[in-house]
Amino acid sequence: MADYAPVDLTAEGQVEFELNGRRVSAPAGTMLVDAAYALGVEVPIFCYEPRLGAPIGACRMCLVEIEGMRGLQTACSTPVQPDMVVRTNSDIAKDGQDGVLEFLLENHPLDCPVCDKGGECPLQDRTFRFGPGRTRFVEAKRHFPKPLDLSSVIALDRERCISCYRCVRFSQDVAEDKALVMQERGAAAEIATLTGDQYEGRFTGNVIDICPVGALTSIPYRFTARPWDVTNTPSICGHDATGTNVELTLREGHVARVTARPEPNYAVEEGWLSDLSRFAYEGNRAPDRLTAPLIRDDGRVKEASLDDAVDAAALVLGRGGRVGILVGPTATVEEGFLAQELARTALGGARIQRLGIPGAGLDAIRSQPRAELGDIDGAGLVVIVGGDPPNQQSIVELRVRKARRRGAAVITVGPRPHALEPVGTAVRSEPGRLAAAIAALDLPEAASTIVLWDEADLAAEPDAAGALARIVGDRGASQIELGADVNGAGLRALGLGAGDVLEAAAAGEIDTLLTIHADPLDGPGAADWGWALGRVRARIAIAAYASAVTDASTVVIPAATHYETDGVYVSMTGRAQRLRPGATAPAGAAPGWELLIALAHRLGAPPPYRSAARAFAAAAAARPALAGLDYDVIGVLGAPVAAVTPVSPNGVNGPREAAGTGLPLVTTTRIFGNAAAHRSEALASVRTGAELVLNPAEGERLGIADGARARLRSPHGECILAVRLAADHPAGAAFATTGVPGAGVERLLPADRGPVNVEIEAP
Amino acid sequence: MNAAAISAHIEPIRHEYAEGRSLILPALKYAQTEKGHLTREDIEAVAEATGFSAAYVESVASFYDRLYLQPTGQRVVSVCVTLSCMLRGSDELMERICDRAGVSHHGGTSEDGMITVQEAQCLGYCDHAPAVQVDAEQTRGPLTLDDADALVDELRTSPRPDELWR
Amino acid sequence: MPIRNVVYRQREAGQVLTDLSDYRRAGGYEALRTALTEMDRDETVYAFVRSGLRGRGGAGFPMGRKASFIPKDSVLPAYVVCNADESEPGTFKDRELMETNPFQLLEGITLAGYAIGAVRGYIYIRGEYEHQARILDAAIAQARTAGFLGQGVAGSGFDFDITLYRGAGAYICGEETALLESLEGKRGQPRLKPPFPAVAGLYASPTLINNVETLSALPAIIEHGADWYASMGTEKSTGTKLFSISGHVMKPGNYEIVLHDTTLRELVYDIAGGFRPGREFAAAWVGGSSVNVLGPESLDTPLDYESMAEAGSSLGSAGCIVMDDSGSIVRATLRLAQFYRHESCGKCTPCREGTLWLERILQRIVDGEGRMEDLELIESLAGRMVGRVLCALADTGVLPVTSAVRRFRDDFVHAIENGGVPRPEPMMEVPVGG
């Protein structure tokens, strides 16, 4: 259970004491509840939650008897002491626990049969195991008319609340959104937001997970299932590159809910999910989901069976033309490897690339020692270079805030404002001039330094990447890549490059294109891709969602999403972790790895395996970066891929100039402004669109008012956006939101996300 | 009250506290002197002046009996009902004041908006029991039932102070 | 003579001392001068220790020992916090001290600050004492002008100032860690201890917290000597104490008496004028309301810490509420239960839910819905609150309830068997002092 902190019973400095008559030991400083749990003795708790900071001792559930101390003590706030004599199950201790439960149930409605928490409720469980068999309370219970909507995704049932403060502490001390509070006093106290406000933020759903009763429940999940109707599967979030560990709740073949795992991955997300990770699952059944194979013939579209579609695809691919294969950023390691195998065997000579950032200039920084997200907690200095982690790799924000609370210095450098800037010292760099800002950094001494750097920003400025690599090396620091793509690291580990197919297609050297979870016409360089793909004669798409690419493909084979497939993702910190299917793919779809194996069979080059696990094992045997890994080694919590071979930072890392004229374009991203958020009804009230943000001075210079629309044009393409003038954005740059479906900001960019300038005018 | 007025009140005393959070309570009390209670705008102004979230500021305010998040009358009459005053007739006094003010025996605000009557816990004027407090500034006692009528009448007709310290 | 007005100058001088010149004429600030010029810090703390002065807020912890806990080697600044959140039912002695003798408090805080090497003192005054707060505001301004606060106090090298902080209506803020939370701008909820305030108090700095009466006694201790102070009373209950007496007595008020020299009977009858003709003593809550209630058999108990403990109660804040035989112990008990329910901060489950439950049961008994088993239930619930919470509110708040049910069980049984308790005629419209 995440309720108790992990304890290393083999660590140095153990303290010996007596627990329920047993001589035991635990590391000095360990709280008694945690030590007892690790030693097999469960002391019941409600308010204690070590991830929320120091214990508060409010609920009094963990009362135990300690010899020589007056009354009963809370085991959550008592560190183990040498030779202390502790009894958790003596009559007096049991009376304490029983008493607290009796008080908690005094005003609790006991509406378990209609409560969403029923069956997975700590209050219910602990009442059964530690509590009274009956209540002596004959008065009317506290009554509130009906549950409140704390937000569009969280319902608050005040009658069930036991005032444990967990949710309030999460908001105040972990997310630091400061929005959830306790109002009033004594028996009238209740959790609330500022009167009239909703609880909105990037991490709000975590309060549902940590609520030990049914007071805070998920509105999308409310009344959909009972715990005995569902199965839970540990998996990985497929919406950012952090590798956040999640648990998928499966009901009748569908994902009914995403929660943190009961046993969090302390190296990664520590049990905290972003609301995108938690609520995007509704998009798994979005209207643009592909559920039936399609074959286009002379302009006519007809539905087909999976078999027929794979046959048709094999026919087209096998005609002997020059083939290009595009592997999208959400493809698993297995899918990427199987595509490579196709290109090596059946489709010998095919060109293959991943959709992503080539990042040739990033090898030096990537080869510096890696850190895990969990290491941020203990850093003395955290430096964030470029990017916008709260919106792109959200859970990083919580780690950085935690490090700051523990006394770390935080320095941010980058061209765009973001939510972690106020946490520390913020250095605003000029667009395209990160190298200068890095060179000017005056970093304080620190016992340990972790540098977080944005893949896209530094790939666009190789000189900055080199400068940063030197700083990391000189300080003996470690680094974390803020990766742009979900499985970018996994596809790189396979050796997939990111430029070949585009180059060849643009040169007219591709006749047939196979896309696997790849949608180049909606991503960076969309305009350039559009031009290049215009020269391709036939297209085959393996995809989960409809897109401009599938609309123009001869054969469309629906694929399972990451909620529905086995596979491996490698996180941006180099951690290989397993996806496990929490839902069944629609009848007309199949996991990509299965489709690719089938395709290989049809093309006459059958691989010697038929499972995802074996496909991965083959990849691991063939690729040095994956050496030594298999599904068992990866296990539940993942395993690191091999470190990148050291590369000197003094190599080819020259500056790179932006193409075009006008204002430098600084791309921004919003957590709820991407396709996944837009597909999820649960996120409807928080989802955001695209905009062009300018400093008011730039607005005045360009003659563009706040709220007006503007046309942006780069050497690659153009788009039209609503304009917002904001003084907190510096002059000298145009800030435009990427990732928003249909907005087209990606058309302004080159496919490698390199720097561009844009001309801005009224449309 | 706006944030500038609150800042003008708390900035001169900021140096007396090692942490700025300590200014929340003085800011709330001062903000309340304008209307006699705190509106959402007041809470937001205190939040702005102190640098803490409005939700947090409201949470602090809601903990204390003498910070009012609901509208109050021009004057607030607090009738001490704790033991010493009870023995000396506070319940009878409370009822009489409520009757005269035209509110229920649980207290409330008179229809004309002039007077809010509320029960209070021990005011520390047990030697003057039964005692009542008018806002937080004047405390009177012992009161007879006739005094209660006179008090209500007096408050109805006397001018409201410039600042309401409650 | 049971009344000895020797420690608090307004009583000694028989006048209100809100003007600094009056206070100085009455001997004020001589003690501070003596300490600053003739005593070092350790000697000053030692004088407090030797005086035997115990905290006058209710808990009775020896003041000098508390001062000696303040670490000398802390890199953080130390503070003195004066607890002027006087809210204990029946207690109004601090009100008098602040109203009529604010400088003695300021002098006492300054002495304590000098003794522990503090940089600033805070007076946390309850919000309802706005009148007294304004008197203190004016006194602090006068003391600053005269050089008794600020840089180089009274011409010495000691820098010290005092800040007055107004509470906003919450009894729990009289609990020292809740007070600190409130002073830090938070909801006034008690903290987990350890750490204790002496080590990590206000802003996590070493902090000495004492009550108004305690700190106001310090100038007299320095001026007349610790031995003089300790010569009054008993070994463990030294000095004089202000008793607030109220309720059904004819002369409610504050009286300064030497500890142990006076019995409860003398306080009630000789000092406070006894009762209306025909009325008899029924019950007394001697130490404020958070104590065991006493019946007539305890009238001859001497008023000091040990004797009150032996009698099964405690001296507490010495806010003595007295009820004659016209009152109803059942209704009085309900009223106090309502008080604790209203004032529970809500942090600890047993207190938040327990105070509510006890109130509900007592309300039923008063309303005629009581059951005999309720009396055992009260006892059992109280047992599940005491010693299982963060602070003393529930620990001591159940005492007037359980002690009433034990000592006056017949009254409760009568209420249960006879359809409740009608509201008795109050003692109203009787002039103070008879």
Side-chain angles (χ1 to χ4, degrees), chain A residues 46-48 54-65 69-74 76-79 92-108 123 132 135-142 161-165 168 172 181-191, chain C residues 168-173 177-178 186-195 338-364 367 369-371 373-374 376-378 380-395:
Chain A
F46 290 113
C47 72
Y48 184 63
I56 59 167
C59 77
R60 318 303 289 176
M61 187 65 237
C62 61
L63 292 172
V64 297
E65 184 186 358
M69 295 181 83
R70 197 185 72 86
L72 295 170
Q73 307 300 316
T74 47
C76 73
S77 62
T78 308
I92 178 79
K94 275 166 31 189
D95 184 68
Q97 295 160 14
D98 183 285
V100 169
L101 277 166
E102 182 177 36
F103 286 127
L104 286 174
L105 296 175
E106 170 189 331
N107 275 300
H108 192 81
L123 180 60
T135 180
R136 298 179 288 174
F137 190 69
V138 297
E139 288 79 5
K141 287 178 187 270
R142 191 161 42 220
C161 176
I162 59 167
S163 291
C164 73
Y165 291 83
V168 171
Q172 298 293 323
V181 292
M182 192 65 86
Q183 295 273 19
E184 303 300 327
R185 188 174 78 200
E190 54 182 85
I191 53 174
Chain C
Y171 168 74
I172 190 62
C173 292
T177 60
K186 302 172 189 165
R187 294 158 62 83
Q189 296 189 307
R191 296 175 181 170
L192 208 53
K193 286 178 277 194
Q338 286 168 335
F339 175 83
Y340 294 104
R341 188 266 304 147
H342 182 83
E343 300 298 349
S344 169
C345 83
K347 188 172 181 178
C348 299
T349 307
C351 178
R352 180 183 68 241
E353 304 294 339
T355 54
L356 179 72
W357 198 341
L358 290 177
E359 181 203 354
R360 298 276 199 89
I361 296 169
L362 289 163
Q363 184 73 58
R364 274 197 293 103
D367 292 345
E369 309 279 322
R371 310 164 306 170
E373 64 259 42
D374 286 335
E376 280 62 49
L377 181 57
I378 287 171
S380 160
L381 294 178
R384 290 182 150 192
M385 296 163 71
V386 175
R388 299 175 182 186
V389 284
L390 272 172
C391 82
L393 188 138
D395 276 352

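Bear in mind that the values here come from a model prediction, so they are computed numbers and not experimental data. Chain naming here is simple, since letters A, B, ... match the order of the sequence lines and numbering starts at 1 in each. Reckoned from all heavy atoms, side chains included, excluding hydrogens, waters and symmetry mates.
With salt bridges taken as basic N to acidic carboxylate O contacts below 4.0 Å, none links A/Arg136 and A/Glu106. A salt bridge is defined here as a Lys NZ or Arg NE, NH1 or NH2 lying under 4.0 Å from an Asp or Glu carboxylate O, and A/Arg142 with C/Glu353 meets this definition. Checked for salt-bridge contact, A/Glu139 and C/Arg360 miss the test: no charged N lies under 4.0 Å from a carboxylate O.
Contacts of A/Leu104 with chain C are made by both backbone and side-chain atoms, with heavy-atom separations under 4.5 Å. When heavy atoms are compared at a cutoff of 4.5 Å, A/Ile92 approaches chain C by way of both its backbone and its side chain. Both the backbone and the side chain of C/Leu381 have a heavy atom closer than 4.5 Å to some heavy atom of chain A. Contact of C/Arg371 with chain A is made through the side chain alone, with heavy-atom distances under 4.5 Å. With a threshold of 4.5 angstrom between heavy atoms, A/Met61 does not approach chain C through any atom at all. Of the two parts of A/Gln183, only the backbone, made up of N, CA, C and O, holds a non-hydrogen atom closer than 4.5 Å to a non-hydrogen atom of chain C. Using a 4.5 Å cut-off between heavy atoms, A/Gln73 does not touch chain C at all. When heavy atoms are compared at a cutoff of 4.5 Å, A/Val138 approaches chain C solely by way of its side chain, counted from C-beta outward. Both the backbone and the side chain of C/Leu390 come within contact range of chain A, each with at least one heavy atom under 4.5 Å from a heavy atom of that chain. Proximity to chain C is limited to the side chain of A/Tyr165, based on heavy atoms less than 4.5 angstrom apart.
The most heavy-atom pairs under 4.5 Å with chain C, out of A/Asp95, A/Val100, A/Val181, come from A/Asp95. For the set C/Gln363, C/Glu373, C/Glu369, C/Gln189, the count of heavy-atom pairs under 4.5 angstrom toward chain A peaks at C/Gln189. Counting heavy-atom pairs under 4.5 Å between each of A/Ala54, A/Ala140, A/Pro55 and chain C puts A/Ala140 at the top. Contacts with chain C were tallied for A/Cys47, A/Gly71, A/Ala187; A/Ala187 has the most, counting heavy-atom pairs under 4.5 Å.
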After noting the C-alpha distance and the side-chain angles of C/Leu362 and C/Asp374, does the key distance pass the side chain to side chain contact (heavy atoms under 4.5 Å, CB included) rule? CA-CA 9 Å; C/Leu362 289 163; C/Asp374 286 335; over 6 Å; no

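The distance from atom CZ of A/Phe137 to atom CD1 of C/Ile361, rounded to the nearest 0.5 Å, is 8.0 Å. With rounding to the nearest 0.5 angstrom, the NE2 atom of A/His108 is 8.0 Å from the CD1 atom of A/Ile162.
Nearest approach of C/Gly346 to C/Arg352, heavy atoms of both residues: O-NH1, 2.9 Å.
Panel note: side chain C/Thr355, backbone C/Cys351; a donor-acceptor pair is recorded below 3.5 Å. In terms of modelled atom types and a separation under 3.5 Å, the side chain of A/Arg60 and the main chain of C/Arg388 share a donor-acceptor contact.
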